[in-house]
Number of protein chains: 2
Amino acid sequence: MNLPPLVQAFVLHFGEMGGRWGINRTVGQIYALLFLADRPLNAEDLCAALGFSRSNVSIGLKELQGWRLVEMRHQPGDRREYFSTPDDVWQIVRTLVEERKKREIDPTLSVLRDLLMETPQTPAEQHAQQRMAAMHDQIELLTRWYADIEKLETERLVQLLSLGSRVARVLDLKDKLFVIPGRAEKDRKAS
Amino acid sequence: MNLPPLVQAFVLHFGEMGGRWGINRTVGQIYALLFLADRPLNAEDLCAALGFSRSNVSIGLKELQGWRLVEMRHQPGDRREYFSTPDDVWQIVRTLVEERKKREIDPTLSVLRDLLMETPQTPAEQHAQQRMAAMHDQIELLTRWYADIEKLETERLVQLLSLGSRVARVLDLKDKLFVIPGRAEKDRKAS
DNA sequence: TCCGAATTTCAGATATTCCTGAAAATAGGA
DNA sequence: TCCTATTTTCAGGAATATCTGAAATTCGGA
């Protein structure tokens with residue numbers, strides 16, 4: 001590996017973290033290098049830069065394409081495939097969340113739905129099903145929330161994130177503006 | 001494995017998903033069983049129910065304790081250790097997010113901070129550092145947002161999640177109530 | 001159509017993770 | 001203190017994942 005020190009440090013770190021992130025060292029390093037590169041790279045570039053075999057790089061790139069984390073292009077007059085990551089880091093996060101949801105959450109949601117259709121035969125099963133219902137409802141709420149938030153333009157999203165928990169004050173504001181009789185007092189007690 | 005059908009299906013699913021979630025089959029199944037159980041279980045219970053060796057269960061429980069996903073208790077007049085998961089699914093999610101952040105994000109944030117202190121020596125390094133800055137700033141924004149949101153009481157959090165992107169209207173509302181001259185018109189155009 | 005550069009596939013070598021049974025360590029009660 | 005039920009550690013076997021080099025395949029251009 002013969003890379004500028006800054007790049008090398010980042011690439012090595014991503015390689016090490018790969019394991020924790022559910023990708024392997026190769027895939028982590030390839031992604032890191034593409035993320036930092038100021039131009040699209042081809043497979044040969046990656047082999048040379050990272051010291052992996054050609055086949056390893058090929059498989060790694062396939063996996064990254066499976067995650068939709070890299071884009072493939074062709075350069076005019078060059079048959080080789082060139083790869084790059086999106087410039088927009090928010091686009092990257094959106095993709096990452098979608099893919100992780102698809103792989104790590106959706107299958108469980110599907111199983112939960114199936115099992116909640118069953119009729120429990122014993123008190124133990126009944127309790128188990130209640131726990132599943134709690135998990136199911138929570139995942140639904142969280143994924144609905146994300147599906148909704150995800151539609152916002154990036155600029156607006158950043159605004160909202162910057163507000164943090166201060167958005168919660170809106171709830172107070174709303175309560176004060178549109179007072180529901182009999183509810184206001186309860187809320188006041190609670191806070 | 002001799003469990004009620006509903007419980008068994010859930011446990012097996014968690015075992016299979018374990019790999020994707022960064023835990024292994026054993027750990028996934030142990031967690032699933034504890035989550036569904038209507039009483040704390042001891043290691044022997046888990047061995048019998050899941051068919052794993054005693055040592056495997058011991059290691060699995062240690063790992064789950066490392067994730068702070070299971071609680072250990074003692075029952076009066078019984079020397080054995082009993083394990084359970086919190087009843088509150090929101091507490092579980094909070095723990096999960098904290099731990100994943102600690103393992104999967106914080107180390108990268110730390111590396112990014114270090115590398116952003118360096119002075120780039122070439123145009124390529126300068127570009128790489130800009131990419132790192134973008135990633136750093138985004139992670140900071142997201143983690144700050146979560147650290148802030150995390151403080152909300154669960155009830156309030158659920159309220160906020162239920163609102164979804166409708167909270168964004170607050171930004172409009174705020175703009176309308178507290179008009180910043182020269183800004184209002186720009187916003188109106190944008191929407 | 002054919003050529004050859006580029007990519008993919010695949011068998012097998014290497015490394016890592018997972019799991020068990022046996023032995024060692026720990027800790028509550030006599 | 002000692003006894004023993006319980007937990008933990010650990011060496012090594014089994015299973016899985018990673019990586020390579022060589023062979024097969026693909027595909028754009030002559």
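It should be emphasised that the depicted structure is a prediction, and the values quoted were computed from it without experimental measurement. Order of the sequence lines fixes the chain letters, A, B, ..., with proteins taken first and strands second; residue numbering starts at 1 for each chain.
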Taking only the side-chain heavy atoms of [X] (C-beta and beyond), determine which of [options] contains the nearest atom.
X: Glu81(B); options: dC18(C), dT9(C), dT8(D); answer: dT8(D)
X: Ile59(A); options: dT9(D), dC10(C), dT7(D); answer: dC10(C)
X: Arg25(B); options: dT20(C), dC19(C), dT8(C); answer: dC19(C)
X: Ser58(A); options: dC10(D), dT9(C), dT8(C); answer: dT8(C)
X: Arg79(B); options: dC19(C), dA5(D), dT7(C); answer: dA5(D)

Is Glu98(A) salt-bridged to Lys101(A), going by a charged N under 4.0 Å from an acidic O? no
Do Ser53(A) and dG21(D) have a side chain to base donor-acceptor pair shorter than 3.5 Å? no
With a 3.5 Å cut-off and heavy atoms only, can you find an N or O donor on one side and an acceptor on the other between the side chain of Arg80(A) and the base of dA6(C)? no
Would you mind reading off the distance between [X] atom [atom1] and [N] atom [atom2], rounded to a whole angstrom?
X: Leu50(B); N: dT20(C); atom1: CG; atom2: P; value: 11 Å
X: Arg54(A); N: dG21(D); atom1: CZ; atom2: P; value: 13 Å
X: Asn56(B); N: dA14(D); atom1: CG; atom2: P; value: 16 Å

Of the options Phe52(B), Phe14(B), Phe10(B), which is the one that meets Gln29(B) in a side chain to side chain contact (heavy atoms under 4.5 Å, CB included)? Phe52(B)
For Ser55(A) and Asn24(A), take the nucleotide of DNA chain D holding the closest heavy atom to each; which residue's nucleotide lies nearer the 5' end? Asn24(A)
Check for a donor-acceptor pair, side chain of Gln121(B) on one end and backbone N or O of Thr119(B) on the other, with a separation under 3.5 Å. yes
Ignoring hydrogens and angles, tell me if any N or O in the side chain of Arg79(B) forms a donor-acceptor pair with the backbone of His74(B) under 3.5 Å. no
